[in-house]
Amino acid sequence: MRVEVAKTAGFCPGVRRAVEMVESAAKTGKPTVTYGPIIHNHHVVERFAGMGVHEIGHWTEAQPGTTVIIRSHGVSREVYEGLEAQGAIIEDATCPFVKRIHTIVSDAEQRGRTCLIIGVKSHPEVVAIAGWCRDPHVFENPESLEAWLLEEPKRKNLPLIIVSQTTSTEKLWNNCTKIIKKLCTNCEIFDTICSATEKRQSEAAQLAKRCESMIVIGDRNSSNTKRLKEICLESCKDTYLIDSGDDVAADYFGKTSVGITAGASTPEWIIKEVFNIMSEEIKNEIVEESFDQLLEQYDKSLNTGDKVTGIVTGITATEVAVDLGTKHAGYIPYSEISDDPTVKAEDLFSVGQEIEVFVIRVNDAEGTVMLSKKKLDAQKNWDDIEAACENKTVVEGYITEQNKGGVVANVKGIRVFIPASQTGIPKNGDMGTLVKTNVQLKVTEVNRQRKRVVGSIRAVASEARKAAAEAIWAEIEVGKTYQGVVKSLTSYGAFVDIGGVDGMVHVSELSWSRIKNPAEVVSVGDQIEVYVISFDPEKRKISLGYKTDATNPWTIFTNNYKIGDVATVKIVKLMTFGAFAEIIPGIDGLIHISQIADRRIGKPEDVLTEGETVDVKIIDIDTEKKRISLSIRALLEEGAAEEEEAE
C-alpha cells in the first residue's frame, strides 16, 4: 500500500496566523478570550481552553481590559463597535482574504451597490461579511441566485456586486458568475475564493484521481473540510472524512494506494498521527513479503542515471537519508535537493515519505549511493515544458529580466525567452513593467539539447481576448450597457474596448453639445459606461452610445426650471434683436431687446456685455421647439413695484 499526503494539507496561512496569535497571547498570562472558536477545529479550541483561553459568543460578554482575539472567520462591524464600547483590547486574527471581502462590500455599500454573497448562510465567515454591508443577499447555489434575479425584473439592472465565501468551490462560483453575466447589466464581480483554498482543492482532486482510497482529515463542522470530501468523492468513491487518528478504521487498509488531505483548520500533529497509523500498516505488509523477494530486492544493483524510489528515514543538518530497499545506503546531499537555495529540507521531506530520486553516484566499496532530487525535478520539468509546447497549454512564469530582444521568464526553473513582439507590450512600450511579475504564457519552441525555450505572452492574451469577444457576441443586445475602456480617438469618434470587442462611439453620440473633437469629452485610457445602439454580427461592427437622456441638457433644464423661475445666466452672444444667455451648459435662452431694460434702448450692448452674469426671469418655455424666453425687465418692474408699495 502506498500512502501519499497532499502537500497543501493542513493549516492555511490565515489559520496558522490566528493560531499563533492565540498561542502568543496565552503565554503573556493576561486575560484573553476568542470571539467564537478561533478556527473550525474542536481539538485546537480544547487545547487553547486548557491554556486558559476560552471563547465568548457575544460582545457583551467581554470584560473591560480583556484581550479579545477576533476569530479567523472575521466578525461584523457591529461586533467591533460593541467590543470597543465594552473597553476590550481587540486583536484581529481575521484571515487577510476575508478582511479584503469586508473592504470590498463596505466600499460597495458607500457607492450604493447591493451586495450578493455566494456561500453558506449560517457559516460564520458569511455572517461576518453580511455584517459589513447594507441589505446583503446570500445564495448557496446558482438556482437560488437566478430565481432572485428573475423574481423582480428591475433587479437585473440594479447596481450590484458579487463576492464569494473564501472556501467555496470554483465550480459553484463559475456557475453563479455565468448567471450574473447573462442576466445583469450593472454588476461588479470579485473572485474572492482564497488562493490557498483553490490550490488545496485542486491538489485533492488530482490526488483522488490517482488513489484507490482517500482520507480527508478535519473537523466535521468545517465548511472547507466538507468541500474537500465532496471534491474527492467526484473521482474516488472510497473517500472517508475523519476527525483524528482515533477514527482510522480497518476499511481504509488493503488498498494499493491511499491519499491523505486535510482541511485548512486541521493541525499538523493530527495529520502526522493519521499518517503514522497508515505507515504502520505499510510496515506490516512489507514483513509479509517472502524472503526471496526481500533478498532479490536487497541484492539489486544500482547504476548512475537510474530513477529509483525510496523511503525517507532521516533528515540531518547536511543530508537526507533514504532507504532504497537495497544493500546500499542512499543519501541526498543538501546541494542536490533543489536549485532554490532558500528551500529547507524539512519543507520538502518528512520521515516515512516515499520519494522518487535520481542516482548520480554509486560507491560499492562503501555501500553508499548519492542521490539527487533536483536533477530528477529538472528532468520532469523539461518533460512538462515539452508537453506544454506539444499540447499548446498555458503555463505560469516569473519574469526575471529584460534584454534587448525581449524578456526572460523562469518556468519551473527553466529559462524561457519571450521576444519583444510576443510580450503583449506595444512597440516602443516599456517591457520593464513586466519584470518581477507572474505571467501566463505559451511555450512555442523547445530545443532540449541546446536548452533553448521560446514562449509567448501575447498568444495567451490573444486567446483570452478571442474567448471574451465570442462571449460578448453571444450575449449582445441593443440597449445593453458595458463598462469599457477608450482605446483610440479619431476625428469622427472614439473606439471603446468593451471586454474583448471594440465598438465605436460616433462623435454625435459623445455629447449633447456640438463638439469638434472627441478629445473634448474623453481621453485614451478612460473607463466609461456605454450602451449598444446597433450591431452587425456578420461585419463584426458595434455602434455604441455614451450620452444618455439623463445627461440631456434639455432634460436637466426641464427637471429643474419652470416658467416664473429666476435664474442666474451668462451672456454669451449679443445680437441686434437681443442677447442669448446660457442658463446651464448646453441650454441658452433669448432676452429680447424689449426685455433687457425697463426703458427703451437702441441696442443690447448699451446695457449688456458678453461674459457678464445677470439675473433673469423665465417668461416662456416652448417645449416643442425647445426655445426659452428670458426677461431682465420683468425683475426690474417687480422690484420697482415692491419699492412703490413699501413707500
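Counting only N and O atoms by type, the side chains of T433 and D430 include no donor and acceptor under 3.5 Å apart. With no hydrogens or angles considered, no side-chain donor-acceptor pair links Q86 and Q63 at under 3.5 Å. For the 3.5 Å distance criterion, the side chains of R227 and T197 fail to qualify, holding no donor opposite an acceptor.
The salt bridge (Lys or Arg N to Asp or Glu O under 4.0 Å) search around E151 returns R155, not counting sequence neighbours. Legend: residues meeting ring-ring contact (aromatic ring centres under 6.0 Å, His included) with F97, ordered by chain and number and at least two apart, are absent. With sequence neighbours left out, H123 forms a ring-ring contact (aromatic ring centres under 6.0 Å, His included) with H40, H73. Listed by chain and residue number, D526 satisfy the side-chain contact (heavy atoms from CB on, under 4.5 Å) test with S523 (two or more places apart in sequence, or in another chain). Here Y531 pairs with nothing under the ring-ring contact (aromatic ring centres under 6.0 Å, His included) rule; sequence neighbours left out. For D191, the salt bridge (Lys or Arg N to Asp or Glu O under 4.0 Å) criterion is met by no residue, not counting sequence neighbours. For K182, there are no salt bridge (Lys or Arg N to Asp or Glu O under 4.0 Å) partners two or more places apart in sequence or in a different chain. Taking the side-chain contact (heavy atoms from CB on, under 4.5 Å) definition, one finds that A262 meets it with A9, I217, T266, I271, sequence neighbours left out. Shown here are the salt bridge (Lys or Arg N to Asp or Glu O under 4.0 Å) partners of D92, two or more places apart in sequence or in another chain: K99. In this view, E188 and R111, R113, I161, F190 satisfy the side-chain contact (heavy atoms from CB on, under 4.5 Å) rule, not counting sequence neighbours.
In this structure, SG in C12 is found 7.5 Å from CG in N224, a value given to the nearest 0.5 Å. If you take CD1 on I189 and SG on C176, they are separated by 10.5 Å, rounding to the nearest 0.5 Å. For the atom pair NZ of K226 and CG of L228, the computed distance is 12.5 Å after rounding to the nearest 0.5 Å. If you take CD1 on I56 and NE2 on H58, they are separated by 9.5 Å, rounding to the nearest 0.5 Å. In this structure, F48 CZ and E23 CD are separated by 5.0 Å, a value rounded to the nearest 0.5 Å. In this structure, CH2 on W512 lies 13.0 Å from CH2 on W554, to the nearest 0.5 angstrom.
With hydrogens and angles ignored, the 3.5 Å screen pairs a side-chain donor or acceptor of T490 with a backbone N or O of G493. Side-chain atoms of E470 never come within 3.5 Å of backbone atoms of A467 as a donor-acceptor pair (strictly under, hydrogens ignored). Using modelled atom types, one side-chain atom of E125 and one backbone atom of T166 make a donor-acceptor pair closer than 3.5 Å. A distance-only check finds a donor-acceptor pair linking the side chain of D565 to the backbone of K562 [under 3.5 Å]. With N175 contributing its side chain and K171 its backbone, the two residues share a donor-acceptor pair below 3.5 Å. Checking side-chain atoms of Q422 against main-chain N and O of G455 turns up no donor-acceptor pair under 3.5 Å. Judged by distance alone, with hydrogens and angles left aside, the side-chain atoms of Q440 form no donor-acceptor pair with the main-chain N or O of V460 at under 3.5 Å. A distance-only check finds a donor-acceptor pair linking the side chain of T558 to the backbone of T555 [under 3.5 Å]. The main-chain N or O of I38 is found under 3.5 Å from a side-chain atom of S72 such that the two form a donor-acceptor pair. Not one N or O on the side chain of T32 forms a donor-acceptor pair closer than 3.5 Å with the backbone of T67.
Annotation: E78, atom CD; neighbour count of heavy atoms from other residues, nucleotides and ligands within 6.0 Å does not exceed 12. In the displayed structure, K480 atom NZ is contacted under 6.0 Å by more than 12 heavy atoms of other residues, nucleotides or ligands. At most 12 heavy atoms of other shown residues, nucleotides or ligands fall within 6.0 angstrom of atom CD in Q527.
Between I180 and L116 there is a side-chain heavy-atom pair separated by less than 4.5 Å. With a 4.5 Å cut-off on side-chain heavy atoms, L83 and I70 count as touching. Between R71 and T34 there is no side-chain heavy-atom pair separated by less than 4.5 Å. Counting only heavy atoms from C-beta outward, the side chains of E230 and L233 never approach each other to under 4.5 Å. Side-chain contact between L172 and P142 is present, with heavy atoms from C-beta onward closer than 4.5 Å. Between C115 and V163 the shortest side-chain heavy-atom distance does not fall below 4.5 Å. Taking the side chain as every heavy atom from C-beta outward, C184 and L160 approach each other to under 4.5 Å. Counting heavy atoms from C-beta outward, V411 and L441 have side chains that approach closer than 4.5 Å.
The heavy-atom pair separating G65 from I89 by the smallest distance is O-CD1, 3.5 Å. Summarising the geometry of I418 relative to I399, their closest heavy-atom pair is CD1-CD1, 4.1 Å, with the distance given to 0.1 Å. In terms of heavy-atom proximity, I193 sits nearest to Q165 at CG1-O, 4.2 Å. When all heavy atoms of A468 and G499 are compared, the pair lying nearest together is CB-O, 3.1 Å. Between S222 and T225 the shortest heavy-atom distance is OG-OG1, 3.1 Å. Considering all non-hydrogen atoms of both residues, D243 and I270 come closest at O-CG2, 3.8 Å.
Each ring pair (Phe, Tyr, Trp, His ring centres under 6.0 Å) pair with one or both residues in residues 142-174, not counting sequence neighbours, appears once here: H137-W148, F139-W148. Counting only residues at least two apart or in different chains, side chain to side chain donor-acceptor pair (under 3.5 Å) contacts with residues 494-511 comprise R465-D497, R465-D502, H506-S508.
A salt bridge does not link R16 with E268: every distance from a Lys NZ or Arg NE/NH1/NH2 to an Asp or Glu carboxylate oxygen is 4.0 Å or more.
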Quick one: do R200 and E170 satisfy salt bridge (charged side-chain N to carboxylate O under 4.0 Å, His left out)? Show the steps, please.
CA-CA 12 Å; R200 178 182 292 103; E170 281 290 327; over 6 Å; no
Does R77 form a side chain to side chain contact (heavy atoms under 4.5 Å, CB included) with S106? I'd like the steps, not just the answer.
CA-CA 10 Å; R77 183 189 287 125; S106 179; 3.1 Å; yes
Where do H102 and T94 land on the side chain to side chain contact (heavy atoms under 4.5 Å, CB included) test, with the steps shown first?
CA-CA 10 Å; H102 294 176; T94 304; 4.3 Å; yes
Would I498 and L544 satisfy side chain to side chain contact (heavy atoms under 4.5 Å, CB included), going step by step from the backbone distance to the final call?
CA-CA 10 Å; I498 57 174; L544 302 172; 4.1 Å; yes
Would you sort out whether I39 and F11 count as a side chain to side chain contact (heavy atoms under 4.5 Å, CB included), showing the intermediate values?
CA-CA 10 Å; I39 62 173; F11 283 173; 4.0 Å; yes
